[in-house]
Amino acid sequence: MINVGIIGCGHWGPNHIRIFSQLPNTCSLMCADLEPKRLGFVKSLFPDIQTTQDYKEMLTNADIDAVCIASPTKTHYEIALQALAQGKHVLCEKPLTLKPEESLKLKDFAEEKGLVLMVGHIFLFNSGIRWLKEYIKSGALGQVYYAYATRTNLGPFRYDVNALWDLAPHDISIFNYLFDSCPTTVAATGHKFIGDTHDDVTFATLSYPNNIAANVHVSWLDPKKVRQMTIVGDQQMVVWDDLDNLGPIKVYDKHVEKTSTYYETYGEFQLLSREGSITIPKIASSEPLKAQGQYFINCVEENQYPALTDAQKGMEVVRVLCAIDESVKNKGACINI
Ligand SMILES: NC(=O)c1ccc[n+]([C@@H]2O[C@H](COP(=O)([O-])OP(=O)(O)OC[C@H]3O[C@@H](n4cnc5c(N)ncnc54)[C@H](O)[C@@H]3O)[C@@H](O)[C@H]2O)c1
């Protein structure tokens with residue numbers, strides 16, 4: 001039995017408590033939050049769980065094997081460091097830390113102690129994204145030209161980080177995973193429309209190796225909740241829409257034949273563009289948070305390295321976020337990563 005302690009019981013933490021209560025050979029033994037009200041709420045849902053306002057009490061509890069950190073981003077580094085020092089395996093919510101150096105320190109420390117340290121890049125456990133990865137790998141899309149991601153909604157607004165740090169870790173981790181690489185440059189603009197401390201909207205352009213251009217649009221100030229990504233290849237194009245009831249993936253069998261001379265008339269263009277069918281592949285749906293929790297527990301139980309979402313991958317996302325911040329501060333300047 002793996003006993004897990006959950007630190008941070010705000011909006012997201014109770015979901016982790018539920019998952020670790022449902023997985024086989026796993027127990028949500030304890031949870032911590034600074035706010036007694038949040039602990040009371042969790043206790044009403046999970047009457048057997050032990051609660052504390054001081055997460056350090058959890059770290060010195062010998063019955064706890066692993067902790068899941070779901071507190072605000074600025075607390076991740078310190079809590080993860082202390083948890084590892086006390087010999088606990090760690091699953092930490094995204095983004096792993098506020099600085100890439102901190103992520104690297106955690107990575108080295110976990111390796112030195114022989115502990116699992118994993119970051120919650122939840123979309124790498126999303127069945128649509130997994131399918132997309134295999135599809136790109138199969139070569140069916142051909143050479144990827146460009147991709148763009150849209151992650152918008154009206155709120156919820158956060159006070160600890162801006163929309164970029166809240167939402168873009170998802171899209172950057174997905175792009176890094178799909179393209180098996182990290183961007184080499186970024187250029188971005190950020191915009192404060194509601195408050196004067198945090199950007200509500202960010203547009204970021206990322207350049208990946210192999211000439212792949214990518215764009216991320218995140219916003220808390222939008223009429224529509226959108227979770228979409230489009231990948232355009234030289235043979236086919238794919239749209240991933242996590243909220244589409246018909247299925248998360250649509251494959252467009254469309255492309256444009258490249259010729260040595262460019263078309264001069266609309267008729268010529270029609271001959272060059274190849275219009276095929278649109279396919280919606282059948283993809284079994286599963287709860288990504290559960291798959292992520294199971295992966296973490298398997299790594300702990302079998303003493304395996306969490307290669308899919310290790311601290312190195314967490315650090316790579318944080319490095320991109322910092323570069324985007326720098327570009328935003330410099331009014332969209334191109335920043336080398
Ligand atoms: N993977 C996802 O899809 C997803 C979704 C939402 C949030 N998150 C991540 O989860 C984390 C938490 O987000 P949230 O929306 O639940 O935030 P939240 O503000 O709703 O909750 C954070 C909770 O942590 C508590 N807290 C703060 N400092 C603490 C400390 N030192 N010890 C114990 N508790 C402490 C707060 O009292 C609060 O209840 C963030 O890192 C966020 O990025 C991930």
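One-based numbering along the sequence shown. Atoms within a ligand are numbered from 1 in the order they appear, just like the ligands themselves. Model, not experiment: these values are computed from the prediction.
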Side chain, backbone, both or neither: [X] near ligand 1, heavy atoms under 4.0 Å:
X: Arg38; answer: side chain
X: Trp12; answer: both
X: Ile122; answer: side chain

_Just to check, does His170 reach to within less than 4.0 Å of ligand 1 when the distance is taken from its heavy atoms?_
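In this structure, His170 qualifies as a contact of ligand 1 - some heavy atom is under 4.0 Å.
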*If you have a sec, work out which protein heavy atom is nearest atom 13 (O) of ligand 1 and how many Å separate them, to one decimal?*
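The protein heavy atom lying closest is Arg158 NH2, 3.1 Å.
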*Quick one: list whatever passes side chain to side chain donor-acceptor pair (under 3.5 Å) with Glu275, sequence neighbours left out.*
Lys254
*Do Lys133's NZ or CZ and the ring of Tyr177 fall within the cation-pi criteria of under 6.0 Å and 45°?*
yes
*Between Arg151 and Phe123, is NZ or CZ placed under 6.0 angstrom from the six-membered ring centre and within 45° of the ring axis?*
yes
For ligand 1, which atoms, with element, lie under 4.0 Å from some heavy atom of [X]?
X: Thr73; answer: 41 (O)
X: Glu35; answer: 37 (O)
X: Gly10; answer: 16 (O), 20 (O), 21 (O), 23 (C), 39 (O)

*Is the shortest side-chain N to carboxylate O distance from Asp160 to Arg158 below 4.0 Å?*
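Counted as a salt bridge, because a side-chain N and a carboxylate O are separated by less than 4.0 Å.
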*Pairing of Lys225 and Asp242 as salt bridge, 4.0 angstrom limit*: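 Salt bridge absent between Lys225 and Asp242.
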